Number of protein chains: 2
Amino acid sequence: MSDLLERLRARGWRMTSQRRVVAEVLAGEHVHLTADEVHARAAERLPEIARATVYNTLGELVSLGEVVELSTDGRAKRYDPNAHRPHQHLVCTECGTIRDVRPSGDPLAVLPDSERYGFTVSKVDVTYRGRCPSCAG
Amino acid sequence: MSDLLERLRARGWRMTSQRRVVAEVLAGEHVHLTADEVHARAAERLPEIARATVYNTLGELVSLGEVVELSTDGRAKRYDPNAHRPHQHLVCTECGTIRDVRPSGDPLAVLPDSERYGFTVSKVDVTYRGRCPSCAG
DNA sequence: TCCTACAATGGACTAAGTCTAAGTCAAGAA
DNA sequence: TTCTTGACTTAGACTTAGTCCATTGTAGGA
């Protein structure tokens, strides 16, 4: 059914009912859930699933590069299943809603060498903040 | 002694020994401390200071716009006293060291209207990630 | 079908931060 | 200077998010 499940199986990821349910929750909705929300949705289908299992599974999906971890608000981390194409995030400062966005150009390019202090810069996370249409009321 | 203390007093901020010590800790070192580190350094000078007081004071300094709160790593928030001039952050993925950097150009400009979904975008946080010279070994 | 290494469980534990009720004190008024 | 009062501080309980670990379960190969 889902590309994600296919890819995981192809990579030899051991498939269990718990892992399947977590992967399906992520693949099913293109929103940015917290670990607790993933657990709640997973538990609707598999009531005995443990919180620790959800954390373990999310951690693995992140290591495999299939899911991106966001720590936008200093509160609970959120998990973004849209890892296959590069994007940035637009966050509402009122309600916390997150949208995926694609800025034009390469955000890395604007950091001059003189500002790199010898770091090997490999990644840039850009978070645009503002009020969403409903909150701007 | 410090600009920060001056400004706070000028704004009618009620000065107590606890608040003074917290402000001095922040003004004194241009590093990015966690709340706990601020508490530890404050307690060297004022042993009875409560953790809650440090949290309250940091929260107020953030509201006043004198300090910027960073939630880079999903762990403890860090506090950046360098709020008077705009800058972004370069974070080491190994050791967590943070450096202030100034990208060229306006990071807001690269987000086309078509990607704003009706949001009133007011702020952009850019985090460059990579390995610092010591960790790149 | 049987093994066994890998995965799941649940409950205790930790870290970071918030809340609350009671006590304290800075700063303006007299 | 002393008084007054509302704002500030305190200690500790509480909450939230996440980790750890010893035990139990099971996917998938032989």
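It should be emphasised that the depicted structure is a prediction, and the values quoted were computed from it without experimental measurement. Lettering follows sequence order; numbering is per chain, from 1.
Whole-Å rounding puts the A:Leu46 CG to C:dA7 C1' distance at 13 Å. Put simply, CZ on A:Arg51 is 12 Å from C1' on C:dT9, counting in whole angstrom units. Nucleotide C:dG17 holds its C1' atom 15 Å from the CZ atom of B:Arg75, rounded to whole Å. C:dT18 atom C1' lies 13 Å from atom CD of B:Glu69, rounded to whole Å. Atom C1' of nucleotide D:dG18 and atom OH of A:Tyr55 are separated by 5 Å, given to the nearest angstrom. As a whole-Å value, the separation of B:Arg20 CZ from C:dA26 P is 9 Å. Between the CG atom of B:Leu33 and the P atom of C:dA16 there is a distance of 14 Å, given to the nearest Å. If you measure from atom CG of A:Leu58 to atom P of C:dA7, you get 15 Å, rounded to the nearest angstrom.
Residue-to-nucleotide proximity on DNA chain C shows that, of B:Arg9 and B:Ala52, the 5′-proximal contact is made by B:Ala52. Mapping B:Lys77 and B:Met15 onto DNA chain C by nearest heavy atom places B:Lys77 closer to the 5' end of the strand.
Every salt bridge (Lys or Arg N to Asp or Glu O under 4.0 Å) that A:Asp125 has, sequence neighbours left out, goes to A:Lys123, B:Arg129. Legend: residues meeting side-chain contact (heavy atoms from CB on, under 4.5 Å) with A:Arg116, ordered by chain and number and at least two apart, are A:Leu108, A:Leu111, A:Asp113, A:Val121. Scored by the ring pair (Phe, Tyr, Trp, His ring centres under 6.0 Å) test, B:His39 finds no partners at all (sequence neighbours excluded). With sequence neighbours excluded, the residues forming a side chain to side chain donor-acceptor pair (under 3.5 Å) with B:Asp100 are B:His32, B:Asn82, B:His87, B:His89, listed by chain and number. Take B:Val110 and apply the side-chain contact (heavy atoms from CB on, under 4.5 Å) test, not counting sequence neighbours, and it matches A:Pro103, A:Ser104, A:Tyr128. Shown here are the side chain to side chain donor-acceptor pair (under 3.5 Å) partners of B:Glu60, two or more places apart in sequence or in another chain: B:Trp13, B:Arg19. In this view, B:Asp36 and B:Arg51 satisfy the salt bridge (Lys or Arg N to Asp or Glu O under 4.0 Å) rule, not counting sequence neighbours.
Between the side chain of B:Glu66 and the backbone N or O of B:Leu61, no donor-acceptor pair lies under 3.5 Å. The backbone N or O of B:Leu64 sits less than 3.5 Å from a side-chain atom of B:Arg11, completing a donor-acceptor pair.
Across its full length, the helix from C:dT1-D:dA30 to C:dA30-D:dT1 shows an angle of 20° between the axes of its 5 terminal pairs at either end, rounded to 10 degrees.
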Polar atom pairs between nucleotides 6-9 of chain D and protein, under 3.5 Å, N or O only, would you list them?
unit_1: D:dG6; atom_1: N2; unit_2: B:Arg14; atom_2: NH1; d: 3.4
unit_1: D:dG6; atom_1: N2; unit_2: B:Arg14; atom_2: NH2; d: 2.9
unit_1: D:dA7; atom_1: O4'; unit_2: B:Arg14; atom_2: NH1; d: 3.2
unit_1: D:dC8; atom_1: OP1; unit_2: B:Arg19; atom_2: NH1; d: 3.3
unit_1: D:dC8; atom_1: OP1; unit_2: B:Arg19; atom_2: NH2; d: 3.1
unit_1: D:dT9; atom_1: OP1; unit_2: B:Thr16; atom_2: OG1; d: 2.6
unit_1: D:dT9; atom_1: O3'; unit_2: B:Gln18; atom_2: NE2; d: 2.8

